[in-house]
Amino acid sequence: MSVSTRRSDDGQVLMIQVHGRFDFSTHQAFRDAYEHSDAPVKEYVVDLTHTTYLDSSALGMLLLLRDHAGGDVASVVIENCNADVRRILSISNFEQLFSIR
Amino acid sequence: MQMCDASSPSLTSSSCSAFAEACTVNLLIAEDSHGDRMILAALLRRLGHQVYEASDGLEAVAMFVKLEPDIVLMDALMPTMSGMDAARRIKALAGTRFVPVIFITSLASEREQAGCLEAGGDDFLLKPYSRVILEAKISAYSRMLNLHRSVMQQRDQIRTQNEQMLSEQRLARRVFDNVAHTGCLDASNIRYHASPLSIFNGDVLFAAERPGGGTLIFMGDFTGHGLPAAIGAMPVAEVFYGMAAKGFGAADLLTEINQKLRNILPVGMFCCGALFEADGKQGSIRVWNGGLPDGWLVRVNGERVAIPSMHLPLGVQPPERFDVTMELFPAATGDYVVLMTDGFPESCDAQGERFGEDSVRQVLEGLDAGDHPFDALMARLQAFTGHPDPADDMTLCCLEVGIGGGVTDVAESTPESALSGSGSWHCVYEVRDRALADFNPLPLLLHICMEVPGLRRKSGDVYTILSELYSNALEHGVLKLSSEWKKTAEGFSLYYEERMRRLSDTQGHYVRFTLDHEPRVEAGRLRIRCEDSGQGFERQENTMGARAASVHEYAGRGMGILKRLAKEVSICGSGNCIEIVYDWEFPAQGATSQ
Amino acid sequence: MNDIPRLDEEALAELQDVMEDEFGVLIETYLADSRTRISGLKEAADTGDAERLRKAAHSLKGSCINIGVPKLGNLCFELEVLGSEGRLEGAERLLTAVEQEFEEVARELENFNQ
């Protein structure tokens, strides 16, 4: 299971975890993770603790999530990146669009 | 075989159902006992099938070839050619076509029954014939046949469609290739490596010379690979080359490219890119890097300056949030600018280790005088990966900064308009207040002049004149900056910082252009007057030398260029106004234009 | 031995149904084929060719079963066994029984045909 989800206790935050390689093959599973949530979500947290690799299609998927979450008013947090993932996010200056912690 | 509708060739799931209907089939029976043959044939015809009869193995094979039945019922024991041999022959003749062969036998022993199957038979039927079993088996095999055939049809359809797709892709690659690595990349001061067409990775590299001098280079890495990645390339190429030819600068290009990509690409697709503008005349380069790995400025004096990505990739931010701020560096002849897509540092060796950005820095720091960064980087990459052709999937570009060279005429690339253009006209255009900070009037003014067919070959000259007049008016007249500052490295940064600061308060100021054009016989005269709201300078009429010096001081190097290009140059007003006269003529018949 | 009927009325009735107008032709064909086969059997016995005897007996047995004359069919089976075991003494006695049974069958089948 490459993508798993979890809700916070108060139901406001949807956490999406990506395991292994976050690339083109993850596309459908990632979308499914946020597209069919019944209850409204105030904040999305993408947990990359177990993500070994991230490529440009993953960046695209993050943009899609942000767009789904409302674009400029969205609250999307990316956390627990390893050094490589951090580097890729940093070169693309994604901290301008996402909270990275 | 008569096909029911259920098995008509289509890719709907019903035709692939395991429960496809049985249909009537063409059967070949081979049985040497005449009576038995009659009975069997009658039974099968009653079920609605077409029956061909053979009385021995040899005849069975001959009839199989001629009539191509769907199913064969074969008596195991026959004279001339045994049923087993005939079955083997028939299976071989059928090839990839699935033809069920059912042995008819009253052989009791299991071993002999197994022997039938080993001979290639698919099943057997025992004598005496049971009508019920016969009907059931034929029915089962005809369903199997249908299924097999619809699968084969779908396979063929898929194969055809796949070939079509591949051929369309090949075409798309050709179109892409016409666009992807183009422009003045063959200039002597540019070295580059781009991926082979077969990779089709969607990287682009564009280079154009600006009218009036200076080189613009755009390197882009679209998300994804192949066709979707390549789709963005064409509109970007159009914008890049179109605007560059019209004299637009890097900032305007970036804004337009970002907007275009944001409009046409779906959310989630974007272009990591870098644009740089080298202006040998000004001694500067400006760079915008959004998403590519560090670019590098390799200075002749040994300095290495990294140019990291400071912006989001193109196509992500809406226009109102797009940050077009460029990094500005002084640059001298012999300096190099290096740009690359991430394929370069991401290249791996046999153990899967990345080449990495640190290695790039090391190579550049270890260069000796006279080494070309491009060669050094490619060589080190080759050694690292162990491939003779290193990383297919990357783009690397190196530009050597040159002195302000001659003014380039881009007339050849500007398309001739079908319009004849008016002969005599007058135009006043004023940029004032805040617009002085935000708006560049040069492309528009150039465009107006280019309406004169005879001036189109002279776009370089005209642009240079307009550009010199405007920058003098703006920087020296309105902003009161002194070009003396630019002579030192610290002064250089100071100059541009001050420029930015003073531009934030241009209220009450203006720069006004007045253009006049009069046609002559096979020629014309363009008059350009540029005045600004600045103070001008003190005219010291008593000392010609002093005035000449002030004029020179005021206009920097620009005055020399103006004098070289224009027929007449004169200063009016209190020095805050310059007028030039520029004559042009059609070349004499048969002579080449300059 | 007497338990096995000469004619399998049910099987014959079914054949009549299947063959329709062709039933008569079928009977004639069977009878003609069988005569040929029986000659072949005799030749095989005379020449002491056990293998040929086995094959011919096997074939005739098959047609008999298909037509619906089980008693004759069973006699052919016994001949087949003899042939497969390579024992030809006793073949001549069995052959006579086959011929006799066949004459009876032929007569009854022609009656049935009417």
Side-chain angles (χ1 to χ4, degrees), chain B residues 27 29-49 51 53-57 73-85 102-113 115-116 124-138, chain C residues 4 7-8 10-38 40-41 44 51-70 72-74 76-77 79-81 83-84 102 105-106 109 113:
Chain B
L27 294 154
I29 63 179
E31 163 65 72
D32 64 329
S33 160
H34 193 172
D36 290 350
R37 196 166 68 244
M38 278 180 78
I39 298 173
L40 185 57
L43 279 171
L44 292 170
R45 284 187 185 116
R46 278 203 106 192
L47 292 173
H49 303 297
V51 182
E53 300 177 47
S55 55
D56 64 47
L73 282 93
M74 182 84 74
D75 185 2
L77 283 179
M78 279 188 291
T80 316
M81 185 190 276
S82 80
M84 313 272 189
D85 286 341
I102 303 173
F103 277 105
I104 307 164
T105 173
S106 49
L107 297 174
S109 101
E110 281 177 357
R111 194 179 57 73
E112 277 153 344
Q113 284 173 7
C116 292
F124 46 80
L125 203 62
L126 293 177
K127 282 191 197 183
Y129 307 131
S130 155
R131 233 167 131 176
V132 166
I133 292 188
L134 185 65
E135 192 175 344
K137 287 201 175 184
I138 299 293
Chain C
I4 306 175
L7 294 186
D8 180 348
E10 223 182 289
L12 279 164
E14 217 183 291
L15 269 179
Q16 254 184 327
D17 178 41
V18 169
M19 300 304 299
E20 294 172 344
D21 304 335
E22 301 269 303
F23 183 72
V25 180
L26 176 65
I27 297 299
E28 292 307 319
T29 308
Y30 164 74
L31 292 173
D33 266 359
S34 300
R35 285 192 186 96
T36 314
R37 293 241 173 90
I38 289 171
L41 279 169
E51 181 58 17
R52 186 179 168 193
L53 185 77
R54 183 188 71 80
K55 276 185 174 164
H58 173 86
S59 272
L60 185 55
K61 174 192 77 177
S63 332
C64 290
I65 293 174
N66 269 331
I67 280 284
V69 296
L72 180 55
N74 195 52
C76 292
F77 174 60
L79 259 178
E80 187 188 351
V81 169
S84 70
F102 177 70
V105 161
L109 277 179
N113 210 1

Does atom [atom1] of [X] have more than 12 heavy-atom neighbours, drawn from other residues, nucleotides or ligands, at distances under 6.0 Å?
| X | atom1 | result |
| --- | --- | --- |
| C:F77 | CZ | no |
| C:E10 | CD | no |
| C:K55 | NZ | no |

Identify the heavy atoms of B:M38 and C:M19 that sit nearest to each other, and give their distance. O-CE, 3.8 Å
Between B:R46 and C:V18, what is the shortest heavy-atom contact and its length? CD-O, 3.7 Å
Side chain from CB out, backbone as N, CA, C, O: work out which of these in C:E22 comes under 4.5 Å of a heavy atom of chain B, or both, or neither. both
At a heavy-atom separation under 4.5 Å, does C:L26 approach chain B through its side chain, its backbone, both, or neither? both
To the nearest 0.5 Å, what is the distance between OG1 (C:T29) and CG (B:D36)? 11.0 Å
When you measure from the side chain of C:N66 to the backbone N and O of B:I39, does any donor-acceptor pair fall under 3.5 Å? no
Quick one: are B:H34 and C:T36 in side-chain contact, heavy atoms under 4.5 Å? no
Ranking C:D17, C:L15, C:V25 by heavy-atom pairs under 4.5 Å to chain B gives rank one to C:D17
Region of B:R45 that comes under 4.5 Å of a non-hydrogen atom in chain C: neither
Do the side chains of C:D33 and B:R37 get close enough for a salt bridge, i.e. N-O under 4.0 angstrom? no
